[in-house]
Amino acid sequence: MPGLLDMILGYDCNLWCDYCTIGPALRGRALSTAHALASLREGRAQGLDALSITGGEPTIRPDLLAIVRAGRALGFADIKVQSNGLMYAHGDNLARLLAAGATRLHVSVHTHRADRYEELVRRTGTYAAMVGGLERAVASGAPLVVDLIVKRDTMADLPAAIEWLAGHGVRAVDLWYVSLTDANADNVASLPRMTEALPFIAEALARGRARAMTLRSLHVPRCLLGQDHPHAWDPGADRVVVVTPEATFALKDSRLAGRVKVPACTGCPFEQVCPGVRPDYLAAFGDGEIAATRGRPPSRGPTRLPIAR
Ligand code: SF4
């Protein structure tokens, strides 16, 4: 059966974003080259036909090109590389990656603002490289998706970010809702209520549609997106096998996809396709917003203290 092999090569990165879920202890963990190549072979044997290579930051791996070439030789028809794009600004890195067989680029921009980017990624002197890498990715003509993070201090910038990206020739954007997991678990201040963020998300989606861009929203339930529900996207809906330095597992069976249905979900027209609400979000805010949009009473309030780091 076709599907996606989602390979986390390792957790090391040349940035340290202020909402990153990867803590210092994880940074040193990585797949060996031999483990990565064996996982490629196993994935193809299982019929997987698409490959996603991510991290951490995969472009800092010296064996990235060899792994991409191996994926191509084994017959993966679609090979995506998820990156912060910084390395694409230098030399012929991007050209060599595409020549090796990468067919799709995802670039995490985080925020488009020159006055906020380096504070968010916690590394000075990187904004120009991000913009340069993004411009090269656009110029390459390879299919490209830009990732933006929706968090308390970026949400108001989303509409302007879409305009900025459109001006740079980007045609597709994914909006990722920040999560309070792992190393970001106590950063409660980063997580806005969805009803606070939704006006900005809605405006961003509208501006994207006006420019014939493809925009997807991750982790905001369809009931809250309202008329924008066609933008909802759940990566776990397809067959995805995840390979990490620790384990190999089906995404649908993992805690990454393990979201929660609440009483107000009963009878919802999206009940069969919606994966539910993230547990970290329910713990922070309860289900009052979902209940309200469904015309039901809330069934649970927040279960954690709002401790900001
Ligand atoms: S199933 Fe629940 S969380 Fe999902 S869209 Fe419906 S009411 Fe919202």
Side-chain angles (χ1 to χ4, degrees), residues 1-17 20-108 121 123 126 129-130 133 136-137 140 142-145 147 182-183 235 238-251 253-254 256:
M1 187 180 17
L4 173 70
L5 179 64
D6 189 4
M7 181 176 284
I8 298 175
L9 272 187
Y11 299 108
D12 200 7
C13 185
N14 48 3
L15 298 178
W16 204 308
C17 297
C20 185
T21 57
I22 299 169
L26 269 184
R27 289 231 160 191
R29 302 176 78 155
L31 285 179
S32 68
T33 305
H35 188 167
L37 296 177
S39 297
L40 293 178
R41 289 191 290 272
E42 176 61 25
R44 285 297 293 141
Q46 294 176 12
L48 302 174
D49 57 352
L51 172 64
S52 171
I53 299 176
T54 182
E57 174 54 44
T59 66
I60 63 175
R61 284 273 301 228
D63 57 357
L64 175 62
L65 295 185
I67 291 169
V68 171
R69 278 191 205 102
R72 199 68 176 164
L74 284 165
F76 283 98
D78 185 47
I79 301 179
K80 162 189 147 183
V81 176
Q82 172 82 51
S83 171
N84 56 40
L86 300 189
M87 296 293 275
Y88 300 159
H90 302 291
D92 60 355
N93 288 338
L94 178 58
R96 289 191 296 141
L97 182 63
L98 295 172
T103 59
R104 182 179 304 278
L105 303 172
H106 275 234
V107 173
S108 301
V121 303
R123 186 172 169 196
T126 50
M130 182 277 285
R136 285 191 177 191
S140 75
L144 168 68
V145 176
D147 293 320
D182 299 315
D238 301 318
R239 183 186 181 214
V240 180
V241 175
V242 183
V243 177
T244 76
E246 293 80 28
T248 298
F249 51 88
L251 180 59
D253 297 333
S254 84
L256 301 175

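These figures come from a predicted structure and were not determined experimentally. The residues of the chain are indexed from 1 along the displayed sequence.
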Stepwise side-chain contact (heavy atoms from CB on, under 4.5 Å) check, Glu246 with Leu26
CA-CA 10 Å; Glu246 293 80 28; Leu26 269 184; 4.0 Å; yes
Take Asn84 and Val121, measure what side-chain contact (heavy atoms from CB on, under 4.5 Å) needs, and give me the verdict at the end.
CA-CA 10 Å; Asn84 56 40; Val121 303; over 6 Å; no
Dump the intermediate steps for side-chain contact (heavy atoms from CB on, under 4.5 Å) on Leu65 and Leu97, then the final yes or no.
CA-CA 6 Å; Leu65 295 185; Leu97 182 63; 3.9 Å; yes
Does the pair Leu40 and Met7 meet the rule for a side-chain contact (heavy atoms from CB on, under 4.5 Å), with working shown?
CA-CA 9 Å; Leu40 293 178; Met7 181 176 284; 3.8 Å; yes
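Rounding to the nearest 0.5 Å places CD1 of Ile79 at 11.0 Å from CZ of Arg104. Distance check, rounded to the nearest 0.5 Å: CE of Met87 to CZ of Arg61 gives 13.0 Å. Atom CZ in Arg96 sits 10.0 Å away from atom CG in Leu64 (nearest 0.5 Å). One finds the CG atom of Asp78 at 8.5 Å from the CG atom of Leu51 (value rounded to the nearest 0.5 Å). We find the CE-CG distance between Met130 and Leu86 to be 8.5 Å, quoted to the nearest 0.5 Å. Leu94 CG to Thr59 OG1: the interatomic distance, rounded to the nearest 0.5 Å, is 10.5 Å.
Closest of all the heavy-atom pairs between Leu98 and Ser140 is CD1-CB, 3.6 Å. Ala77 and Arg72 get closest at one heavy-atom pair: O-NH1, 3.4 Å. Leu9 and Pro58 make their closest contact through CD1-CB, 4.2 Å (heavy atoms, listed as atom of the first residue, atom of the second, distance). The minimum heavy-atom distance linking Gln46 with Arg239 is given by the pair O-NH1, 3.1 Å. Gly43 and Leu5 make their closest contact through CA-CD2, 4.5 Å (heavy atoms, listed as atom of the first residue, atom of the second, distance). The two residues Ala183 and Gly23 have their closest heavy-atom pair at CB-N, 3.5 Å.
Under a 3.5 Å cut-off, the side chain of Thr54 and the backbone N or O of Ile8 do not form any donor-acceptor pair. Checked by atom type and distance alone, the side chain of Gln82 never pairs as donor or acceptor with a backbone atom of Ser52 at under 3.5 Å. In this structure, the side chain of Asp49 engages the main chain of Gly3 through a donor-acceptor pair within 3.5 Å. Formation of a donor-acceptor pair under 3.5 Å by the Arg29 side chain with backbone atoms of Pro245 is not found in this model. Arg123 places a side-chain N or O within donor-acceptor distance of the main-chain N or O of Asn14, the cut-off being under 3.5 Å.
Using a 4.5 Å cut-off on side-chain heavy atoms (C-beta onward), Leu15 and Glu57 make no contact.
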